[in-house]
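Along the sequence shown, the residues carry numbers beginning at 1.
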Amino acid sequence: MSDTTTARPTLKTICARTGLSVATVSKALRGSDAVRPETRALVEEAAREVGYRLNRSGLALRTGKTYQIAAVMTAPRPEEDEWEGVEYAQLLSGISLALEGSPYRVMLYAVDDHAEATQVIRQLVDGGEADGVILSGTRPRDERVALLQARDVPFVTLGTTEHHAPHAFVDTDNAAIMEVALRRLAGRGHERIALINPPAEMSYARTREAVYRRMLDELGLAVDEALILSGTLNPAFGRAAVARLSALSAPPTAYICANEAAALGALSGFAEHGLVHGRDAVINATDDLNVSAYFVPPLTTFFLPISRPARLLGEYMLARLAGEPVEKLQTLLMPELIERSDDILTKEARP
């Protein structure tokens, strides 16, 4: 019988299968740049076929690395009932898929807020508990980014910043979304367009509001401060926003919601206050899960599957660990516009 069936596979098992030396196989499994991509792929495939599992403990002892990527992300607490849109299991799954074939694994550090995230990152850095960090919920001036840059720790952010040296990031192109959404709605007769935005301290909230103001000016529409609302993007906030805005003497005829959760709440608010979607007002959203396809009515959305930024976060993390310059690891992803509901404002409904 072969050694692949009678004993635990080793490096020599893979060597016998590929005809490569132990040194080459070892480097390939570590993701070393000294090994050609086609050779690394050959080794990784052989390792999967024989069921080889990397001994990370031994590797860590030899290299001084942890082979752990820390994903430090603000996430809803288990006891919270409100859905906030992003499914972190899918985000982590995408990152993990990108790390397959490398010695690295991702570990989630779920935190309640920005302050706790900063504390956790400081502990990870001080204790040498991770080789790299992936973080979300960026702010224009972000002390977590400043800390990681000062300590020269490889990291990638889900989101952008403004007041720091260049760094690796992946983000939705929020500026482009706002430009397309506002041109489209204005072209369909809407003059009172509400912005349902995330908390004002977030980088993408700042981007969305800045472009909102610029585009309304460019389109010849007045900026009404009453139509800009910021808060936690869950259904409760979306419903409360409709309650507040629909009571205005000149209510909005269009709502741009920053995620599906707020859009779901807004749609509930329509029903609660006797508004008919497509007659009194319309809702557009940005989504990650495409759940809004099943709303009644299904909403027009800017759809970006979680898998796309998630895979890039993992790939960029590996690239940073390999020394790739940060300037090559900066991507804004434009979601797909999916037009579903009737967003045209009828003459009867015009204010």
Side-chain angles (χ1 to χ4, degrees), residues 69-75 84-88 90-95 98 106 114 117 121 132-146 148-149 154-182 195-212 214-215 230 232-233 256-262 284-290 301-320 324-337:
I69 305 301
V72 183
M73 298 182 175
T74 304
E84 294 185 23
V86 175
E87 294 293 344
Y88 287 91
Q90 291 180 269
L91 188 62
L92 289 171
S93 176
I95 295 172
V106 62
H114 184 84
I121 289 174
V133 175
I134 296 173
L135 61 91
S136 64
T138 53
R139 300 182 176 189
R141 189 181 301 278
D142 199 309
E143 57 188 304
R144 301 168 303 171
V145 170
L148 290 166
Q149 288 184 329
F155 69 96
V156 185
T157 63
L158 180 58
T160 59
T161 61
E162 294 179 12
H163 303 290
H164 300 283
H167 59 82
F169 68 78
V170 180
D171 199 10
T172 303
D173 194 339
N174 287 282
I177 288 173
M178 294 304 298
E179 289 179 2
V180 173
L182 287 162
L195 179 63
I196 310 303
N197 228 16
E201 67 269 16
M202 308 293 286
S203 286
Y204 78 111
R206 179 168 177 153
T207 297
R208 291 171 66 90
E209 183 174 338
V211 177
Y212 172 85
R214 174 174 62 79
M215 286 301 301
S230 299
T232 301
L233 294 175
I256 300 177
C257 296
N259 74 351
E260 284 179 303
N284 286 185
T286 305
D287 59 47
D288 302 294
L289 302 175
N290 212 21
T301 59
F302 290 83
F303 176 49
L304 180 64
I306 293 178
S307 58
R308 289 185 64 196
R311 290 292 291 263
L312 276 178
L313 286 170
E315 292 171 6
Y316 283 7
M317 189 73 261
L318 289 176
R320 284 297 298 128
E324 189 79 14
V326 296
E327 289 79 9
K328 295 183 178 181
L329 306 173
Q330 299 174 334
T331 296
L332 293 175
L333 297 169
M334 182 61 190
E336 175 189 3
L337 171 62

Undergrad: Looking at every non-hydrogen atom in both residues, tell me the closest pair between Ala262 and Ile196 and how far apart they are.
TA: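 Closest heavy-atom pair between Ala262 and Ile196: CB-CG2, 4.3 Å.
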
Undergrad: Taking all non-hydrogen atoms of both residues, which atom of Ala165 and which atom of Gln149 are closest, and how far apart?
TA: O-NE2, 3.0 Å

Undergrad: Passes side chain to side chain contact (heavy atoms under 4.5 Å, CB included), Ile177 versus Ile256? Steps please.
TA: CA-CA 10 Å; Ile177 288 173; Ile256 300 177; 5.8 Å; no

Undergrad: Do Asn259 and Leu233 have side chains that approach each other closer than 4.5 Å (heavy atoms only, starting at C-beta)?
TA: yes

Undergrad: Which heavy atom of Glu260 sits nearest a heavy atom of Asn290, and at what distance?
TA: OE2-C, 3.2 Å

Undergrad: Find the distance between OG (Ser230) and CG (Leu195) and round it off to the nearest 0.5 Å.
TA: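 These two atoms lie 7.0 Å from each other.
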
Undergrad: Can you find a side-chain donor-acceptor pair between Thr74 and His114 that sits under 3.5 Å?
TA: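 Absent: no donor and acceptor within the cut-off.
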
Undergrad: About how many Å separate CZ of Arg308 and CZ of Phe303, when rounded to the nearest 0.5 Å?
TA: 10.0 Å

Undergrad: Side chains of Val106 and Leu92: does their closest heavy-atom pair fall under 4.5 Å?
TA: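 They are in contact (side-chain heavy atoms under 4.5 Å apart), so the answer is yes.
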
Undergrad: Any side-chain to backbone donor/acceptor pair from His164 onto Asp142? Under 3.5 Å, distance only.
TA: yes

Undergrad: Report yes or no: does Arg320 contribute a side-chain atom to a donor-acceptor pair with the main-chain N or O of Glu324 at less than 3.5 Å?
TA: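 Yes.
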
Undergrad: If you take all heavy atoms of Arg139 and Glu201, which pair is closest and at what distance?
TA: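 The pair with the smallest heavy-atom distance is CG-O, 3.5 Å.
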
Undergrad: How far does CD1 of Ile306 sit from CG of Asp288, to the nearest 0.5 angstrom?
TA: 4.5 Å

Undergrad: If I compare all heavy atoms of Ala310 with all of Gly94, which pair ends up nearest, and what's the gap?
TA: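 Closest approach of Ala310 to Gly94, heavy atoms only: CB-CA, 3.7 Å.
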
Undergrad: So, taking the atom named CD1 in Ile69 and the one named CD1 in Ile134, what distance separates them when rounded to the nearest 0.5 Å?
TA: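 Separation between the atoms: 6.5 Å.
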
Undergrad: Heavy-atom distance under 4.5 Å between the side chains of Ser307 and Gln90, does that happen here?
TA: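 Counting from C-beta outward, Ser307 and Gln90 never come under 4.5 Å.
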
Undergrad: So do Asn284 and Thr301 actually touch side chain to side chain, heavy atoms under 4.5 Å?
TA: no

Undergrad: Quick one: does Phe302's side chain get under 4.5 Å of Asp287's, heavy atoms only?
TA: no

Undergrad: With rounding to the nearest 0.5 angstrom, report the CE to OG1 distance, Met202 to Thr160.
TA: 10.5 Å

Undergrad: With heavy-atom distances below 4.5 Å as the criterion, would you say the side chains of Cys257 and Thr286 are in contact?
TA: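 Sidechains of Thr286 and Cys257: no contact.
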
Undergrad: Considering only NZ, NE, NH1 and NH2 on the basic side and carboxylate oxygens on the acidic side, decide whether Glu162 and Arg206 come within less than 4.0 Å.
TA: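 Answer for the salt bridge query: yes.
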
Undergrad: Please step through side chain to side chain contact (heavy atoms under 4.5 Å, CB included) for the pair Thr161 and Val145, ending with a clear verdict.
TA: CA-CA 9 Å; Thr161 61; Val145 170; 4.0 Å; yes

Undergrad: With a 4.5 Å heavy-atom cut-off, do Phe169 and Leu332 have their side chains touching?
TA: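 Answer yes - side chains close enough.
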
Undergrad: Pairing donors with acceptors under 3.5 angstrom, does anything connect the side chains of Asn174 and Thr207?
TA: no

Undergrad: Would you say the side-chain atoms of Thr157 pair up with the backbone N or O of Gly159, donor to acceptor, closer than 3.5 Å?
TA: yes

Undergrad: What pair of heavy atoms forms the shortest contact from Ala98 to Leu318, and how long is it?
TA: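 Taking every non-hydrogen atom into account, O-CD1, 3.5 Å.
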
Undergrad: Under the rule for salt bridge (Lys or Arg N to Asp or Glu O under 4.0 Å), what residues qualify as partners of Arg141, not counting sequence neighbours?
TA: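 Scan of Arg141 (salt bridge (Lys or Arg N to Asp or Glu O under 4.0 Å), adjacent residues dropped) gives none.
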
Undergrad: What I'd like to find out is whether the side chain of Leu304 reaches to under 4.5 Å of the side chain of Glu336, using heavy atoms alone.
TA: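 Sidechains of Glu336 and Leu304: no contact.
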
Undergrad: Side chains of Thr138 and Tyr204: do they bring a donor and an acceptor to under 3.5 Å?
TA: no

Undergrad: Between CZ of Arg311 and CG of Leu91, what distance do you get to the nearest 0.5 Å?
TA: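 If I round to the nearest 0.5 Å, the distance is 12.5 Å.
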
